[in-house]
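Notes follow once the structure below has been shown.
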Amino acid sequence: NTPTTASITFDKGAYREKFVYACLKDFEIDVKDGLATIKAGFLSQMPTTTTSGTNTPAAETLLSFKDLVVQFGANITAAASASGTSILSMNLKYNPNLETIYTSGSNQPSAFACKAVETTGEYDILLNSVTERDNYYNLTKQAAIFTFTGATISGAYTEQVKIKIYNFRVNDQPIETGIDNLFAYKSNFVAEYSASDSKEVDFTVRNSKTTVY
């Protein structure tokens with residue numbers, strides 16, 4: 001239940017603020033025929049203030065919809081070997097249910113703890129077969145891998161953001177259409193704990209940086 005922490009530094013010109021023990025509160029990844037975006041929230045202790053400084057940001061690669069490959073399977077092994085599935089959009093929300101813990105003797109949080117993790121999201125897919133419909137009707141559990149691939153960094157390696165969902169079910173599936181539009185499913189899903197994998201979801205980021213950002 002102990003979350004990984006980070007120190008976040010803001011240089012505001014006249015002074016610098018450093019937020020220590022910052023823990024991820026929640027985040028959302030969204031992509032649809034354009035740039036992929038991520039929105040994250042943090043909780044931390046109150047900042048310490050020092051004189052101004054200079055931070056040098058790392059070089060970045062912008063990831064977009066064309067860089068995304070989506071794979072589905074009965075389990076994570078099957079998903080890893082499956083061909084990519086064409087989707088129209090993807091949204092994923094991760095909420096570790098972070099709790100701030102205060103104890104007597106200080107007005108600063110003494111700890112942060114994660115409770116029950118919630119991973120939800122949705123993906124849009126054209127209605128060109130009954131497979132997606134049947135997965136919803138039958139509450140078929142699946143695994144999914146969402147992989148964003150960026151620039152080459154060294155040798156045969158490339159930048160990569162990989163999201164593995166080890167077990168999920170579609171809990172709602174409205175059909176979106178219009179008079180002149182194609183029929184498409186909007187599959188809203190909820191991740192569940194996979195006993196065989198001993199996890200629910202994991203995220204891997206690969207780039208040329210070390211542990212310091």
Seminar exercise, completed: By ring-ring contact (aromatic ring centres under 6.0 Å, His included), F168 pairs with (sequence neighbours left out) F189
Seminar exercise, completed: For I145, the other hydrophobic cluster members (4.5 Å side-chain criterion, sorted by chain and number) are I76, Y166
Problem set entry | Spacing of T149 atom OG1 and E159 atom CD [to the nearest 0.5 Å] | 10.0 Å
For this session: Just grab all the ring-ring contact (aromatic ring centres under 6.0 Å, His included) pairs involving residues 63-89, residues at least two apart or on different chains.
Result: F72-Y123
For this session: Say whether I165 and V117 are linked into one hydrophobic cluster, either directly or through other cluster members, by side-chain heavy-atom distances under 4.5 angstrom.
Result: yes
Seminar exercise, completed: Rounded to the nearest 0.5 Å, the CG atom of N75 sits from the CD atom of Q142 at a distance of 11.0 Å
Problem set entry | Hydrophobic cluster of I153, others only, ordered by chain and residue number, side-chain cut-off 4.5 Å | Y157
Problem set entry | Value rounded to 0.5 Å, distance of OG1 in T147 from CD1 in I163 | 8.5 Å
For this session: List, by chain and then residue number, the residues other than L35 in its hydrophobic cluster (Ile/Leu/Val/Met/Phe/Trp/Tyr, side-chain heavy atoms under 4.5 Å); write none if there are no others.
Result: L62
Problem set entry | Aromatic contact, Y94 with F203 (centres under 6.0 Å) | yes
Problem set entry | Residues forming a ring-ring contact (aromatic ring centres under 6.0 Å, His included) with F42, sequence neighbours excluded | none
Exercise. Residues in ring-ring contact (aromatic ring centres under 6.0 Å, His included) with F19, at least two apart?
Worked result: F10
Problem set entry | Nearest-0.5 Å distance that lies between atom CG in L63 and atom OG1 in T61 | 6.5 Å
For this session: Under the salt bridge (Lys or Arg N to Asp or Glu O under 4.0 Å) rule, collect the residues that match up with D11, sequence neighbours excluded.
Result: R16
Problem set entry | By ring-ring contact (aromatic ring centres under 6.0 Å, His included) - contacts of Y15 (at least two apart) | none
For this session: Verify the distance criterion only: is there a donor paired with an acceptor across the side chains of K186 and N188 at less than 3.5 Å?
Result: no
Problem set entry | Residues clustering with V69 (ILVMFWY side chains joined when closer than 4.5 Å, directly or via others) | none
Problem set entry | Partner set under salt bridge (Lys or Arg N to Asp or Glu O under 4.0 Å) for E132, not counting sequence neighbours | none
For this session: Could I get the full list of salt bridge (Lys or Arg N to Asp or Glu O under 4.0 Å) partners for R169, not counting sequence neighbours?
Result: E192
